[in-house]
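Reading through the structure tokens given below for one structure.
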Amino acid sequence: MAEFDIVVNGGLWFDGTGDRPLVRNLGIRDGVVAVVSAEPLPAGPGTEVLDAAGKWVLPGFVDVHTHYDAEALVSPGLPESVRHGVTTVVLGNCSLSTVYSTPRECADLFSRVEAVPHGSVLRILEENKTWSGPAEYVEALDELPLGPNVAGFIGHSDIRTHVLGLGRGTDRKTKPSAAELDRMGSMLTEAIDAGFLGLSSMTNALDKIDGDEYRSRSLPSTYARWREFRFLNRILRDRGKILQSAPTINLHPNVAAFFAESSAIGRKRPLKTSLLSGADSKAYPAIVYFMLTAAPFLNRFARTDFRWQHLPVPFTVYADGIDLVVFEEFGAGAAALHLKDQVERNALLQDEEYRRWFRKDYDNKFSPRIWHRNFYDAVIVGCPDETIIGKTFGRVGDERGVHPVDAYLDLVVEYGSTLRWRTTIANHRPKLARRLAASSGVQMGFGDAGAHLRNMAFYNYPIRLLKRVKDAQSERKPFLTVERAVHRLTGELADWYGIDAGHLREGDRADLVIVDPAGLDESVDGLFEEPVAEYGGLRRMVNRSDRAAVATVINGKLVYRNGEFEPGFGVERTGRFLRAGAKERRAVRVGVDA
């Protein structure tokens, strides 16, 4: 009898296709699901036996929107995702990749947008960037002891910076020449040939550059004209690859242009397009209905292939003082974030003319926004003055007889980053959140793993969606079956993105998570902090749902079980780079060897 490396016994098995689950035993050999059987499977002396009775055995989750690009180089196990059953992550989102640009350019592009320490990102890239193109980048990733599998986009801002330079690339007067466009196209083609998923871009100008030389300019891709977008989109469409981006948030929204570019009318095929973000926004309560109807309608009748990326949990963010990306969306907030020196920043925040500017921006209900700009909906959760913890800034202002903006700025000046607060920006209405999670025009994503380390933690959003599904069934208000929810988090994503992941059938790679449904309780919504040695000890917000995701297997290797990582995790490689469109051929030996 051929011995299995791992046997998973008695679990309710979901294959990632959305089919009805069955109680089955899985035999794993040489990194592959060799047998799925209703009968008991033999276990030899070297077989790891996982008892899954009463539990769910699922394909490993696919996280399509992460910003682990720098962190993966120095902590390639990526434990904060793996511990929650994520076995495949996608890098290079939002126009940001580290393939072509210099370490300093990458740090300037990446750090302020994604709220990670500039100095740490620069050091990591200076010490580890050995590549100058996509093929070498893939080789470098595959030499790392990766925990999860990795796929990636090439970043539009990365390409544009390499061709035009960071200065010209962020100058509205710059119009790339035909030769420069051809060079960008060649770089995109080179990345596709190396196995990248396609191009990530960004048109939302509130994402700003860090560093000194071009600080506070928007990301390079936001300066591109549609001539440039169409040129690059044509390459993506011809090669059947994906555009990931975000529309403008201003008085001239460009989402219609994304729909038009995605359409196959008059073309051989649609352009696969994934946009941020499908959400029920507090700032614009009615826009959720557009998101729920537009994509399904256009996908059916305009031959588009369009998806909104959706975070299937309340979008709650935290901030230390004024360090939060939503302040980039209006002039007074961006002016404060432009100043790195705390003394200069405090002087600005105390200036009465500046405060009038801030109050005007705050009270302007007609300016485009992501944040609802309501300090009565912003709760203080940490402060040296314990008497104000639990209060909103609006209440503090009322008690002090001042405008909420003045109350907030007074506290920021007095306490700086020791003033910690939170607010929920979107996905706060359960009924509409359920409709979004079930919509055919939406795909699960936008957890931003590896970014905004002090602002939010959605590493376990797949587990939290499963809790919502389970709770809804208990309340007799179902919006997804468990098998459909699993499909949305695994096989549906893998199939759309064209990567070899997300399924758990005979012959598939043995990437799986065992979930205990009894652990899908309120604990999965908890938030904690853990220091990140690679980022100078910065305390990252994390999730801990160890009673829910009880085991993770990647490429046939048990890497995590019952709250602990297995010896060798992050030192021995389990993950690999997944090339778009490449389906591995695997020999499956079933039954008894001769």
Side-chain angles (χ1 to χ4, degrees), residues 11-12 14 50-58 60-61 63 77-87 147-148 310-318 379 381-382 389-390 420 422-424 426-430 433-434 437 444 446-450 452-475 477-480 482 485-486 488-490 512-532 539-553 558-566 569:
L12 187 63
F14 298 76
L50 301 178
D51 181 9
K55 301 178 177 66
W56 301 342
V57 181
L58 320 176
F61 301 125
D63 190 343
L78 303 179
E80 293 304 338
S81 287
V82 170
R83 70 184 304 127
H84 303 296
V86 174
T87 59
H310 171 62
L311 179 69
V313 299
F315 203 128
T316 300
V317 295
Y318 288 69
V379 180
V381 297
I389 294 176
R420 190 153 173 80
R422 72 164 181 258
T423 188
T424 297
N427 303 337
H428 53 294
R429 295 183 286 186
R434 291 174 177 181
M444 299 301 106
F446 197 38
D448 258 2
H452 305 285
L453 305 183
R454 293 286 300 160
N455 304 131
M456 59 195 192
F458 303 120
Y459 297 91
N460 70 340
Y461 73 81
I463 292 294
R464 293 176 68 183
L465 175 62
L466 294 179
K467 174 187 180 296
R468 287 178 52 211
V469 168
K470 176 174 172 283
D471 289 349
Q473 291 182 341
S474 298
E475 297 165 4
K477 297 179 180 179
F479 62 99
L480 286 174
V482 176
V486 170
R488 303 225 69 187
L489 295 163
T490 59
L512 64 89
V513 55
I514 300 176
V515 171
D516 186 348
L520 295 174
D521 54 27
E522 65 279 357
S523 66
V524 307
D525 298 322
L527 294 173
F528 306 86
E529 292 185 3
E530 284 288 327
V532 187
R539 295 187 66 82
R540 180 213 309 254
M541 293 180 65
V542 298
N543 311 109
R544 291 290 178 267
S545 45
D546 298 340
R547 292 181 56 250
V550 297
T552 305
V553 174
L558 178 67
V559 295
Y560 172 83
R561 175 167 48 183
N562 297 327
E564 301 290 337
F565 288 95
E566 294 292 299
F569 174 76

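The analysis underlying the following values was restricted to heavy atoms, covering all of them including side chains, and did not include hydrogens, waters or symmetry mates. When a residue number appears, it is its place in the shown sequence, counting from 1.
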| Looking at Val559, Leu50, Val57, which one forms a side-chain contact (heavy atoms from CB on, under 4.5 Å) with Val553? | Leu50

| said: Would the distance check show the side chain of Asn455 and the main-chain N or O of Tyr318 forming a donor-acceptor pair, the cut-off being under 3.5 Å? | reply: yes

| query | Roughly how far, to the nearest 0.5 Å, is OG1 of Thr87 from CG of Leu58? | reply | 10.5 Å

| So, for Gly60 and Thr490, which heavy atoms are closest and what is the spacing to 0.1 Å? | O-CG2, 3.6 Å

| query | In chain order, what residues pass the side-chain contact (heavy atoms from CB on, under 4.5 Å) check against Ala449, with sequence neighbours excluded? | reply | Asp63, Thr66, Tyr68, Ser81, Tyr459

| message | For Asp546, is there an ion pair with Arg83 - N to carboxylate O distance below 4.0 angstrom? | response | yes

| query | Heavy-atom distance under 4.5 Å between the side chains of Val317 and Thr423, does that happen here? | reply | yes

| message | Let me confirm one number: the CG-CG distance from Leu453 to Asp448, rounded to the nearest 0.5 Å. | response | 10.5 Å

| query | Is a donor on one side and an acceptor on the other found under 3.5 Å between the side chain of Asn427 and the backbone of Val313? | reply | yes

| task | Indicate yes or no for a side-chain donor-acceptor contact from Thr552 to the backbone of Tyr560 under 3.5 Å, with no hydrogens or angles considered. | result | no

| said: With a 4.0 Å cut-off on N to O distance, would you call Arg454 and Glu529 a salt bridge? | reply: yes

| request: Could you tell me which residues satisfy side-chain contact (heavy atoms from CB on, under 4.5 Å) with Arg429, sequence neighbours excluded, listed by chain and number? | output: Asp280, Pro285, Val288, Leu432

| Just checking, is any N or O donor in the side chain of Asn543 or Ser545 under 3.5 Å from an acceptor N or O on the other one? | no

| remark: Minimal heavy-atom distance between Gly77 and Pro148, with the atoms involved, is O-CD, 3.3 Å

| note | The reported gap from CG in Leu480 to CG in Leu465 (rounded to nearest 0.5 angstrom) is 6.5 Å

| query | Within a strict 4.5 Å, meaning less than it, do heavy atoms of the Phe14 and Val515 side chains meet? | reply | no

| Donor-acceptor under 3.5 Å (Arg488 side chain, Met444 main chain) | no

| task | Over 60° means perpendicular and under 30° means parallel, so classify the ring planes of Phe446 and Phe315, tilted if in between. | result | tilted

| Of all heavy-atom pairs between Pro462 and Leu489, which one has the smallest distance, and what is that distance? | O-CD1, 3.7 Å

| request: State, with a plain yes or no, whether a side-chain heavy atom of Trp56 is found less than 4.5 Å away from one of Val486. | output: no

| task | Give, for atom NE2 of His84 and atom CZ of Arg464, the distance between the pair rounded to the nearest 0.5 Å. | result | 10.5 Å

| request: Please tell me if the side chains of Arg468 and Gln473 come closer than 4.5 Å, counting only heavy atoms from C-beta onward. | output: no

| query | How far apart are the C-alpha atoms of Arg544 and Glu80, what are their side-chain angles, what is the distance that settles it, and do they pass the salt bridge (charged side-chain N to carboxylate O under 4.0 Å, His left out) test? | reply | CA-CA 9 Å; Arg544 291 290 178 267; Glu80 293 304 338; 2.8 Å; yes

| Nearest-0.5 Å distance that lies between atom CG in Leu558 and atom CD in Glu566 | 4.0 Å

| Do Val524 and Leu466 touch side chain to side chain, with heavy atoms closer than 4.5 Å? | no

| request: Enter the distance from Asp471:CG to Glu522:CD here, rounded to the nearest 0.5 Å. | output: 9.5 Å

